[in-house]
Amino acid sequence: MKLKRSFYLRPTLEVARDLLGKYLVHQTADKIYEGKIIETEAYVGPEDLACHAARGRTKRNEMMFGKGGFAYVYFIYGMYYCLNLTTEKEGFPAAVLIRALDYPKAHGPGRLCREFKITREAHNGLDLTGNVLWVEDRGEKPEIQSGKRIGVAYAGHCADWPWRFFVSDVARPSRP
DNA sequence: TGTTGGATCAACT
DNA sequence: GTTGATCCAACAC
């Protein structure tokens, strides 16, 4: 079943963990994309230097300050989009980055957006309780591991926080 | 108005 | 292990 708003309004680390084993679904005009979520990362609040919201509210990260249960899509390195799902209550900036899906060529945040045709223009700010982009619970309860986040070495001590979650039985979600 | 660097990936050596 | 592709938001003038 489709996850309700209340799922996203809980603490971000719980949401990041619980999203593993769920299915991301993207309905387009001519096709439905769906894949199991196998890797996520949590980005929580102004004290997390790796979080875009650590530098205050801006045009780019505005979605993270809103209510949980919306898509936050941003463009990076001139070529790639990254898909995040916002969490927690309005006014508290937090989101979960979807890093990898169990879907062909979708292991990696940039690649999954390319495969799923997710763009900032079309999907940033989308309501995840709507009927374009959402997450489904199909009753799977995978073994979960956690580790350090990827590509955030600039964030100082925050880079060591074990806020990356992945499904144990996937040998290599997106990185060794 | 100009500069800079990033939550990446793939193709190299 | 390193590098090029390629662009927008943030910040410094």
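In what follows, every chain begins at residue 1, and chains take the letters A, B, ... in the order their sequences are listed. Predicted model, so just to flag it, every value in this text is computed and none were measured.
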Can you tell me how the ring of [X] sits relative to the ring of [Y], calling it parallel under 30°, perpendicular over 60° and tilted otherwise?
X      : Y      : answer
A:Y33  : A:H26  : parallel
A:W163 : A:W161 : tilted
A:F75  : A:Y81  : tilted

Using a cut-off of 6.0 Å, state whether more than 12 heavy atoms not belonging to A:Q27 lie near its atom CD.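 Correct, the count exceeds 12.
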Using a 4.5 Å cut-off on heavy atoms from C-beta on, say whether the side chain of A:Y74 contacts that of A:L83.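 Result no, sub-4.5 Å side-chain heavy-atom pair not found.
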Decide yes or no, distance alone: a donor-acceptor N/O pair under 3.5 angstrom between the base of C:dA9 and the side-chain of A:Y74.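 By the distance-only test, no, there is no pair.
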Given B:dA7, is OP1 or OP2 found less than 4.0 Å from the side-chain N or O atoms of A:Y154?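 A:Y154 to B:dA7 OP1/OP2: side-chain N or O found under 4.0 Å.
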Side-chain N or O of A:Y80 less than 4.0 angstrom from OP1 or OP2 on B:dT8?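 False: A:Y80 side-chain N/O out of range (4.0 Å or more) of B:dT8 OP1/OP2.
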CG of A:L20 to CD1 of A:I98: how many Å apart, nearest 0.5 Å?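 So the gap between those two atoms works out to 8.5 Å.
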What residues from residues 60-67 of chain A pass a heavy-atom cutoff of under 4.0 Å to DNA chain B?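 Close to the strand are A:M64.
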Short of 4.0 Å, heavy atom to strand atom, which residues of residues 111-124 of chain A count as contacting DNA chain B?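 Result for residues 111-124 of chain A: A:R111, A:R114, sorted by number.
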For DNA chain C, list all stems, counting runs of three or more consecutive pairs where every pair is Watson-Crick or G-U wobble with both distances under 3.5 Å.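 Counting only runs of 3 or more consecutive pairs, the stems involving DNA chain C are B:1-6 with C:7-12, B:8-12 with C:1-5.
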What integer distance in Å separates A:R149:CZ from B:dT8:P?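 Distance, rounded to whole Å: 12 Å.
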Distance check, P atoms only: C:dT6 and B:dG2, in whole angstrom units.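 Between the two P atoms, the distance is 23 Å.
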Under 4.0 Å between a side-chain nitrogen and a carboxylate oxygen: does that hold for A:D127 and A:R5?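 Judged by the 4.0 Å cut-off on N to carboxylate O distance, A:D127 and A:R5 do form a salt bridge.
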B:dA7 pyrimidine/purine six-ring stacking with A:Y43, under 5.5 Å and 30°: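 Here A:Y43 meets both the 5.5 Å and the 30° conditions.
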